[in-house]
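For the numbers below, each heavy atom of this structure counts, side chains included, while hydrogens, waters and symmetry mates do not. Quick note on labels: first sequence line is chain A, next is B, and so on, each numbered from 1.
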2 protein chains.
Amino acid sequence: MAGSLAEVARRAGVSVATASRALNGSRHPVSDEIRERIALAAAEVGYAPSAIAQALVTRKSRIIGVIVGDIVDPYFAEITRGAEDVARRAGYLTIVCNTDRAPATELAYLRLLHDYRAEGVIFAGGGQVAAGAGSASAAQLSEGAQLSEAVESVRADGIRVVSLAARNFESMRVTVDDRAASYDITSYVCSLGHRRVCYVTGPPGLSTSAARLAGFQAAMADAGLSADEVHPGEFDFLSGQQVALRLVGRPLPDAVICANDESAIGVLTTLRQAGVDIPGEVSVAGLDDTRVSRFVDLTTVSVPMYERGAIAARHILDAGPSAAGDLVLPHRLVPRGTTARRRSSGSKRQRRETPLTAATEAR
Amino acid sequence: MAGSLAEVARRAGVSVATASRALNGSRHPVSDEIRERIALAAAEVGYAPSAIAQALVTRKSRIIGVIVGDIVDPYFAEITRGAEDVARRAGYLTIVCNTDRAPATELAYLRLLHDYRAEGVIFAGGGQVAAGAGSASAAQLSEGAQLSEAVESVRADGIRVVSLAARNFESMRVTVDDRAASYDITSYVCSLGHRRVCYVTGPPGLSTSAARLAGFQAAMADAGLSADEVHPGEFDFLSGQQVALRLVGRPLPDAVICANDESAIGVLTTLRQAGVDIPGEVSVAGLDDTRVSRFVDLTTVSVPMYERGAIAARHILDAGPSAAGDLVLPHRLVPRGTTARRRSSGSKRQRRETPLTAATEAR
DNA sequence: TTGTACGCGTTATCAT
DNA sequence: ATGATAACGCGTACAA
């Protein structure tokens, strides 16, 4: 039913060339009379320009791909929303590619996007980092090499790739200093007087997890505190919940810092449900500044996801030589209601009023 | 740099026809020797088949679109994930289309997908329902008519459209009985002995909101209770939070039921933060069974989003005459920890023990 | 201002 | 088993 340009031209009694010029945004002049005839004919046959054919001849697919771990994860969803917003306004299509962080799936999707001649692809998440001593190390290395090779091939074809976190292949980068962000939130929590602070990590082997953990450890070291209460997590609510459940049986820590907001909300919610007063008894902090974090009043650090997605997309569309080097956006500490000054340790459970020691008060 | 089929053929000393047959999944026989020569040449030039060209000649774009309100909303994210999962396994691309429920944007996206000859489009959310007395009623009606017309045109072109909620255009449907789901959760809450139960609605004018509100009202009526404490909401966390804040100053209701999980989590979190015991003092229930609802132990009703997305996508791919009529999936009440039997009203604030009246205990 | 004709990269038909 | 060649629907020199 979708009339082709040829059909429209025939009905309007003009050549396909003029029809093309009249219907699509061509700077080529067309007389108003003919233009109207064509518009009419187009409406009659319900003409819908074949973006496929246009892409083929124009060599511009108006397609961008966003490779994410899981679109259900707010972190990735916000990035995707940012990218889609600018893509939509430009008449571009946004492909969402869930990979569950599996390099093989990333590779498969990259190839598919290559086949579709996507104009650009955004790697939203971090990548696997060479594991120190893993049994699957060889396979992973090979996968990493394959991906890196594929990225190179894709870039050679003029497809613009930009990554939003550390990856082991070359590409434009629109990132944030994860290590510094983690360092900042940690020092902030320490500055509140907390001494025993736990940490919930992100998935092992992920560059982002590593950077954030490193930031935590560095800040703790600089504060003269021990950073040995590190619980493995997976960036999800469940991880936080499980850690919280384990925490609640024993003497509570002063604070728990999580590698991301999802897991922080997990510990926050679970701890509160267990009757723990947050931030009265223990402070909780995350990292991301996800949309819901604002609502639950979680103190965290903003590492603008939406903006990074939008900027990445814009970079892809502004095909110009704006290939300016990497971009590292500023992060911003967002102190909110889930953290507070440490109360004297004695007052925690027994509610006994103990004067603060000078040492605790100092900074 | 991406070698074309012609180039590969030339380097292998064969015709494009054979190259095509060897490289892509063709049942046509090709001698092993030549097949290898072609594979080699393809590898040398880094051949990547042009899905665009294939789509043009094949008339199969291997593209499906998912029209959602906002991908950041877990409801839509889970639907999208379901669709993408089956699309990916079939080598299809999934386009995300955020519309913020604006009919104009839906229309624009539908047209764009039409241009790309998407093989199918999934309308994930409900639609605007003819408002009783609105000033913008005329404009909306026109927009509704336009969309409905566009859907018809698109379907005439062989594009399969399936909606996951009530819409005012014809299409296959993979839905759930929202009214019944809402009725069920409401009667469940009432069966717990609660009498004063508030409701937080979804966005006005939305078919889904209307169905769910109707279910609530019907159940309340059937329970002989008054359903006049209805607070307007927007399906988001903020709505729930605001309602909770308003509730907390005055005598608390027995329970509050929300049109969806997001807003339910909003009231749950906010109420708890305000020191209200859930479900001790007030019960809270939602509707959707979103992923995080499982974690916060919210009682709700499952209206399988992931499955609906997956089924819709499968329907699009199985282009066969499986155009079986509409499908309405079963919903399932999921009682969890945010609801409990009503405690005697007197014990709520003053903790005064008052014997339950027979009337309260009866059912 | 309008029309002709070629090419974009593939698949498919028909010979060979 | 392999090879020409005609579409697919459109943009765009180039010609008129």
Does atom CD of A:E36 have more than 12 heavy-atom neighbours from other groups under 6.0 Å away?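 Counting neighbours around CD of A:E36, 12 or fewer heavy atoms of other residues, nucleotides or ligands fall under 6.0 Å, so no.
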Quick one: label B:A48 by what it contacts on the DNA or RNA (base, sugar-phosphate, nothing), any heavy atom closer than 4.0 Å.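 B:A48: backbone/sugar contact only, no base atoms under 4.0 Å.
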Have a look at A:L5 and say if it touches a base, only the backbone sugar-phosphate, or nothing, with a 4.0 Å heavy-atom cut-off.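 If one applies the 4.0 Å heavy-atom cut-off, A:L5 turns out to touch the sugar-phosphate alone, with no base involved.
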Given A:E106 and A:L147, is the side-chain contact (heavy atoms from CB on, under 4.5 Å) satisfied, shown in steps? CA-CA 8 Å; A:E106 287 189 327; A:L147 182 61; 3.4 Å; yes
Are the side chains of [Y] and [X] in contact, using a 4.5 Å heavy-atom criterion?
X      : Y      : answer
A:L327 : A:I311 : yes
B:V66  : B:I95  : no
A:V96  : A:T94  : no
A:Y306 : A:P304 : no
B:Q54  : B:S50  : no

Tell me whether the OP1 or OP2 atom of [N] has a side-chain N or O from [X] closer than 4.0 Å.
X      : N      : answer
A:Y116 : C:dG9  : no
A:S20  : D:dG11 : yes
B:S50  : C:dT10 : no
A:S4   : D:dG9  : no

Check the distance between [N]'s [atom2] and [X]'s [atom1] and give it to me in whole angstrom.
X      : N      : atom1 : atom2 : result
A:R117 : D:dC10 : CZ    : C1'   : 18 Å
B:I52  : C:dG9  : CD1   : C1'   : 10 Å
A:L56  : C:dT10 : CG    : P     : 9 Å
A:R10  : C:dT2  : CZ    : P     : 20 Å
A:R62  : D:dG11 : CZ    : C1'   : 13 Å
A:K60  : C:dG9  : NZ    : P     : 16 Å
A:E7   : D:dA7  : CD    : C1'   : 16 Å

Most 5' of A:T58 and B:V16 on DNA chain D, judged by nearest nucleotide: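 With A:T58 and B:V16 compared, the 5'-side residue is B:V16.
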Residue whose closest nucleotide on DNA chain D lies nearer the 5' end, B:G13 versus B:V57: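 This one resolves to B:G13.
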Stretch residues 107-114 of chain B: residues that reach within less than 4.0 Å of DNA chain C through a heavy atom: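 Heavy-atom contacts with DNA chain C come from no residue of residues 107-114 of chain B; none.
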Return the residues of residues 21-43 of chain B meeting this criterion: a heavy atom under 4.0 Å from some atom of DNA chain C. Order them by number, or give none.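 Result for residues 21-43 of chain B: B:R21, B:N24, sorted by number.
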Nearest-nucleotide pick for B:Q54, side chain only, options being C:dT10, D:dG9, C:dA12: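 Shortest atom-to-atom distance from the side chain points to C:dT10.
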Checking contacts here: which listed nucleotide (D:dG11, C:dC8, D:dA4) is nearest the side-chain heavy atoms of B:S15?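 Out of D:dG11, C:dC8, D:dA4, the nucleotide with an atom closest to B:S15's side chain is D:dA4.
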Rounded to the nearest 0.5 Å, how far does CZ of B:R111 lie from CG of B:L113?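 That separation rounds to 12.0 Å.
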Please round to the nearest 0.5 Å and tell me the distance separating atom OG1 of A:T99 and atom CG of A:L110.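 Between A:T99 OG1 and A:L110 CG, I get 11.5 Å after rounding to 0.5 Å.
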Regarding A:R160 and A:D318, does a basic nitrogen lie under 4.0 Å from an acidic carboxylate oxygen?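 Looking at A:R160 and A:D318, the cut-off is not met.
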